Amino acid sequence: MSEEKSAPISWLFKMAWRDSRKNRSRLLLFTSSIILGIAALVAVYSFRDNLQRDINDQAKLLTGADLTIDSRNAIRKPVAAMLDTLGDQRAKQLDFASMLYFVKSQGSRLVQIKALQGDYPFYGELETTPAKAAKAIKNGRNALVDRTVMLQFKAKPGDSIKVGKLSFAIAGFLDNAPGQTGFSTTIAPVVYIPLQYLPETGLATFGSRIHYSYFYQFNQPEQLPVLLKKLQPLMDREGLDLETVESKKRSTGRSFQDLSRFLALAGFVALLLGCIGVGSAIHVYVNEKIAAISTLRCLGVKAWEAFFIFLIQITFIGLAGAIAGAALGTGIQFLLPVVLKDFLPVEFTMQVSWIAILQGILTGLIISVLFALPSLLAVRLVSPLNAIRLSFEPVQASKEPLKWLVYFAIFLFITGFSYLQMESWIQAFTFSGSIIAAIAVFYGLSVLLLFLVRKTLSSGLSYTWRQGFSNLYRPNNQTLMLIVSIGLSTALIATLYFVQGILISKVSLSTGKTQPNMVLFDIQSNQESSVAALTKQYRLPLMNQVPVITMRLEEINGKNAADLAKADSLKAQPKGDGNQRRESPGRAFKGEMRATYQDKLTPAETITSGKWTGRVNSPSDKIYVSLDQGYAERINVKIGDRITFNVQGMLIPTIVGSLRKVDWGRVQTNFRVVFPLGVLEEAPKFHVIMTRVPDMKVSAEFQSQVVRNFPNISVIDLGLVLQVLDELLGKISFVIRFMASFSMITGWIVLVSAVRSSKNQRLREIVLLRTIGARGGQILRITAIEYLFLGLFSAAAGMIMAITGSWALAVYSFGTAFQPPVVPALLLFGSVTLIVVITGMLSSTGVLRRSPLEVLRKDS
Amino acid sequence: METILNIREVSKSYQSAGTSLTILDKISFSIQKGSTVAITGPSGSGKTTLLGLCAGLDRASDGSVELNNVVLDRLSEDQRAAVRNRHVGFIFQNFQLLPTLTALENIMVPLELRGEKNIRPRALELLEKVGLSARGDHYPVQLSGGEQQRISLARAFSNTPAILFADEPTGNLDGETSEKVIRLLFDLNKEAGTTLVIVTHDMDLAARADRIIRLKSGVIISDEQKTYV
């Protein structure tokens with residue numbers, strides 16, 4: 001039909017531009033809700049890109065060598081001889097946990113001893129103070145000691161330390177070593193000594209848990225892949241691990257991928273919150289535009305053209321928000337390395353990542369348009385008749401099929417985005433489903449809270465109270481949306497706080513007054529009675545005395561590692577999460593394990609299936625062992641299966657007699673495999689003794705006595721572990737809070753934006769109230785009461801969610817009781833309410849300062 | 001004389017609380033090109049609904065509406081929008097200027113919608129005709145009610161419509177301003193030769209039209225043609 005000429009596209013853009021002129025500050029306020037979310041995403045993306053680049057650039061410094069060969073077991077002589085021929089330069093290191101004794105201060109601490117021979121690292125260097133100290137350990141009985149330990153015991157270069165039976169002079173502070181992070185040194189501080197003195201320490205004896213490393217430098221590293229291919233069968237046979245610069249790049253990248261995924265998802269939650277805010281504000285905006293839209297429709301603008309005018313407007317405003325967010329995010333990325341510095345393995349360099357910026361802008365643009373679409377689609381349904389009617393008909397779009405299509409697109413986008421972060425559809429659907437479920441729960445809670453208060457609110461209350469409360473129901477109110485966004489951010493913050501408390505209290509509980517707080521291990525059989533006597537001498541209780549036998553798996557149901565590996569390779573293994581828990585046969589057979597023997601179950605153990613056997617009476621009896629149920633699942637054995645263990649060369653056939661549930665959280669020795677009495681008594685073993693020291697003074701004295709008398713024995717002071725754990729949790733929760741703060745601030749911006757966008761709705765009534773004589777104080781009271789209810793509802797909904805979530809986590813994940821910390825919870829509840837009231841009041845006072853006439857005229 | 005609007009057996013009813021509410025009941029009349037017609041009646045008589053149907057803003061429940069040789073009954077909303085843009089002008093009781101556009105831009109909108117070029121001189125000419133050439137850059141909120149309605153008149157005539165619908169054009173104005181606006185409306189109409197349909201309950205205004213159609217409870221109770229001696 002010739003009549004059906006469409007408006008020129010350029011005119012749609014022109015109209016969008018013109019219409020935005022008077023609303024620009026308001027639209028920018030809407031879009032400010034997404035700025036922080038985008039900023040968080042861009043910061044995380046930039047950080048990820050920069051980190052990956054740094055890992056790629058500095059991977060050689062992480063490994064310190066072109067090739068590293070590792071083994072947890074002593075390497076056979078012919079293999080060691082072959083290893084000594086590889087590479088153009090080579091170095092060797094044996095590392096193990098041992099006590100370090102400071103002669104001057106008489107202090108001792110469990111450290112990681114690294115006995116080094118050769119010029120490792122070949123790339124980068126051991127950073128020491130003084131710098132020449134790194135070389136000093138090659139020229140004599142010198143040691144490099146981790147800076148934190150040096151400071152702890154107030155030691156200085158030149159002081160003496162004792163490692164096992166041998167004394168060393170401290171050459172200097174060890175500041176950094178290849179691949180070392182802030183945290184790795186807190187948990188296991190490192191001490192370097194020359195390898196040539198290791199035998200004299202007496203620590204490298206049979207049964208010591210030593211980790212062997214061979215480092216190589218190649219003048220032509222490009223030939224390495226050929227060599228690796230040749231070496232691989234030998235490595236597999238001998239149970240040796242290989243690490244190259246490339247594999248280090250991949251593994252380091254992977255571990256930080258998890259961190260950046262988590263950070264990106266946290267940023268995405270903030271962005272989603274902002275988008276809910278934008279969607280809701282656009283809804284009010286469109287409803288206020290009905291008059292203008294119906295006039296345009298009268299003048300001949302088609303339904304889709306009217307829609308496009310506002311779509312163009314929102315797209316550009318979304319783009320502006322996304323660009324502003326990207327700019328802010330590029331700035332914020334400078335903060336992330338400060339927040340994460342203790343976790344980073346490489347020296348972080350900052351560069352603007354244009355890809356991250358582009359990704360952020362694109363995400364912001366898509367998501368702001370998607371969330372605005374449900375309201376924008378309603379523009380098409382505005383009837384031109386509204387222009388000649390006295391009252392405007394609200395836009396009825398609930399039955400609009402396109403709206404449901406948009407909701408579906410939003411769900412797909414959230415799921416798709418999550419998939420890009422998690423690379424697992426199950427996790428992505430779980431994440432997006434959880435987000436939607438959380439929003440639905442908040443929505444339901446808000447409706448319920450409103451309903452309950454409405455039912456219980458007395459009609460005898462004063463006018464200001466009734467008016468303030470009823471404001472929450474007014475047409476175009478944003479009550480539910482505000483409760484969802486403020487409540488969700490409150491819930492996030494509160495849950496993080498509660499979970500941190502649960503973890504700390506769980507650990508504290510484990511080290512409670514009746515629990516052991518010191519573990520002595522690597523006690524040889526001939527030392528057992530002397531150590532027990534020394535413990536008693538210090539009037540310390542012997543709380544747990546357990547023999548530990550090192551062994552490995554030889555056969556399961558008559559099949560050894562090679563048979564099982566072959567059988568597994570023949571089976572077509574479907575990919576998926578279900579198989580991930582099962583250990584590969586190679587892995588199950590490769591590692592050494594530590595088992596014990598006992599006639600009774602400990603309090604941490606419960607039999608879940610089969611029958612417990614505590615003793616074997618005759619050598620000809622069958623040996624029934626008990627397995628931890630998780631371990632049995634991983635190596636795929638059940639009750640009645642036959643397992644042969646190799647105990648230091650002696651093969652011991654056993655039958656799986658029972659499966660146990662083990663509470664690994666308890667501070668005591670727990671084992672995957674438990675033998676009955678009468679089997680392993682004569683096997684080579686060491687012992688573990690647990691005790692409880694009353695204070696730090698006794699702890700220090702007892703430890704130094706143990707180290708002096710029995711240099712091979714290691715002591716773990718759980719008080720120190722708790723302190724480290726507390727510090728670690730503190731830092732992790734700081735990172736999480738840093739990301740959660742984006743959601744918190746976004747929630748607040750959504751609040752400001754919502755108050756502003758619904759202001760026009762309020763103006764007329766406030767002016768009317770003032771015209772008929774309401775005092776400013778009364779109007780302020782009404783406003784305060786409205787926001788008080790809003791704040792109370794949001795904070796209550798958030799707290800209910802946080803307490804329920806934390807309780808579920810405590811009971812089902814951490815297996816502990818949960819008691820919410822009352823004072824912090826009340827403080828958070830009060831703060832959120834107060835912030836909402838203050839924000840609402842500040843946004844409304846402007847109306848009171850203007851004359852009713854001015855407002856009426858502007859509003860007309 | 002040629003017919004520009006032909007209404008045949010038009011009815012309009014709404015579903016309200018489960019019952020059918022008839023607003024217009026089998027209305028028939030036709031309007032000749034160039035004439036001025038007033039539709040009057042008490043509140044609730046169906047005047048505004050009738051105007052909505054005549055201008056293609058709404059669809060009749062029954063009967064047929066033919067505007068400038070285009071039968072509107074089966075046209076989609078967008079097709080009717082195109083007809084409005086080409087043939088129809090509007091003047092509203094509450095002016096309905098687009099609040100985010102300046103006075104001049106409001107006048108230009110119907111022409112821009114058609115994709116016409118060089119429209120600014122035409123808009124400025126109309127602005128001058130309504131006596132507001134100095135206020136072209138002002139937004140509606142900066143104009144008085146009378147000024148807003150004069151801008152509304154200029155906008156209505158900007159696309160030289162074949163027919164102009166005015167819904168209570170003086171309903172929101174005082175007596176003196178009303179008189180100025182009405183004089184301007186009739187002058188512009190005469191100059192452009194447009195057909196004018198005014199919905200009003202102001203009998204003084206209705207008396208200025210060539211013909212007065214009176215409605216009551218959804219039916220025409222009288223249809224008087226002014227005779228010139």
Side-chain angles (χ1 to χ4, degrees), chain A residues 1-24 26-27 288-307 309 313 380-393 760 854-860, chain B residues 47-49 51-53 55-58 68 70 75-90 92-102 105-106 108-117 139-142 144-145 148 152 155-156 158-159 161 165 167-168 171-172 199:
Chain A
M1 185 172 169
S2 62
E3 298 280 7
E4 244 194 290
K5 199 178 159 193
S6 293
I9 304 275
S10 59
W11 183 78
L12 298 180
F13 277 88
K14 196 189 269 180
M15 271 307 288
W17 165 257
R18 284 170 176 168
D19 186 70
S20 73
R21 281 180 311 203
K22 297 280 274 181
N23 301 302
R24 221 162 279 162
R26 208 163 145 216
L27 285 165
E288 284 178 16
K289 287 279 174 189
I290 289 176
I293 297 166
S294 49
T295 304
L296 282 172
R297 301 280 285 118
C298 280
L299 298 178
V301 172
K302 291 174 189 162
W304 279 105
E305 289 167 352
F307 164 80
I309 289 172
Q313 218 173 63
R380 292 159 38 255
L381 307 177
V382 173
S383 164
L385 267 180
N386 280 322
I388 55 171
R389 294 247 174 258
L390 284 175
S391 61
F392 294 117
E393 291 171 3
N760 285 1
E854 185 194 344
V855 175
L856 277 175
R857 189 171 162 72
K858 194 170 180 185
D859 198 37
S860 63
Chain B
K47 304 186 294 288
T48 303
T49 306
L51 176 106
L53 293 177
L57 298 178
D58 200 3
N68 210 16
V70 180
L75 297 188
S76 69
E77 173 47 46
D78 280 346
Q79 287 168 328
R80 281 187 274 132
V83 172
R84 287 198 293 273
N85 180 245
R86 188 147 295 276
H87 305 297
V88 180
F90 283 100
F92 304 97
Q93 179 177 355
N94 50 356
F95 326 131
Q96 297 288 18
L97 294 178
L98 296 165
T100 50
L101 269 58
T102 61
E105 286 167 348
N106 262 289
M108 291 195 297
V109 165
L111 297 167
E112 287 175 334
L113 259 175
R114 289 183 181 188
E116 287 186 16
K117 307 275 180 218
Y139 287 98
V141 74
Q142 297 165 311
S144 70
Q148 286 191 49
S152 173
R155 180 178 70 183
S158 66
N159 62 339
F165 291 98
D167 179 28
E168 301 282 10
N172 277 4
V199 165

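When reading the values below, keep in mind they use all heavy atoms of this one structure, side chains included, and skip hydrogens, waters and symmetry mates. Treat the numbers as computed from the prediction; the structure is a model and nothing was measured. Letters A, B, ... mirror the listed sequences (proteins, then strands); counts begin at 1.
From A:Ile293, atom CD1 reaches atom CD of A:Glu288 across 11.0 Å, with rounding to the nearest 0.5 Å. B:Arg155 CZ to B:Leu97 CG: the interatomic distance, rounded to the nearest 0.5 Å, is 5.5 Å. To the nearest 0.5 Å, atoms CG (A:Asn386) and CD1 (A:Ile290) are separated by 6.0 Å.
When each of A:Pro8, A:Cys298, A:Ala292 is checked for heavy-atom pairs under 4.5 Å with chain B, A:Cys298 comes out on top. Of the listed residues A:Ala303, A:Pro384, A:Ser10, the one with more heavy-atom pairs under 4.5 angstrom with chain B than any other is A:Pro384.
Of residues 14-21 of chain A, those residues with a non-hydrogen atom less than 4.5 Å from any non-hydrogen atom of chain B are, in numerical order, A:Lys14, A:Met15, A:Arg18, A:Asp19, A:Arg21.
By the 30° and 60° cut-offs, the orientation of the rings of A:Trp304 relative to A:Phe307 is perpendicular.
Between the B:Ser152 side chain and the B:Gln148 main chain, no donor and acceptor come within less than 3.5 Å of each other.
Heavy atoms of B:Leu101 lying under 4.5 Å from chain A belong to its backbone as well as its side chain. For B:Tyr139, the part lying near chain A is the side chain, with the backbone staying farther off; criterion is any non-hydrogen pair under 4.5 Å. Neither the backbone nor the side chain of B:Arg80 comes within less than 4.5 Å of any heavy atom of chain A.
Minimum heavy-atom separation, B:Asn94 to A:Ala387: OD1-O, 4.0 Å. Closest non-hydrogen pair, B:Leu111 versus B:Asn159, comes out as CD2-CA, 3.9 Å. When all heavy atoms of B:Leu57 and B:Arg84 are compared, the pair lying nearest together is CD2-CD, 3.5 Å.
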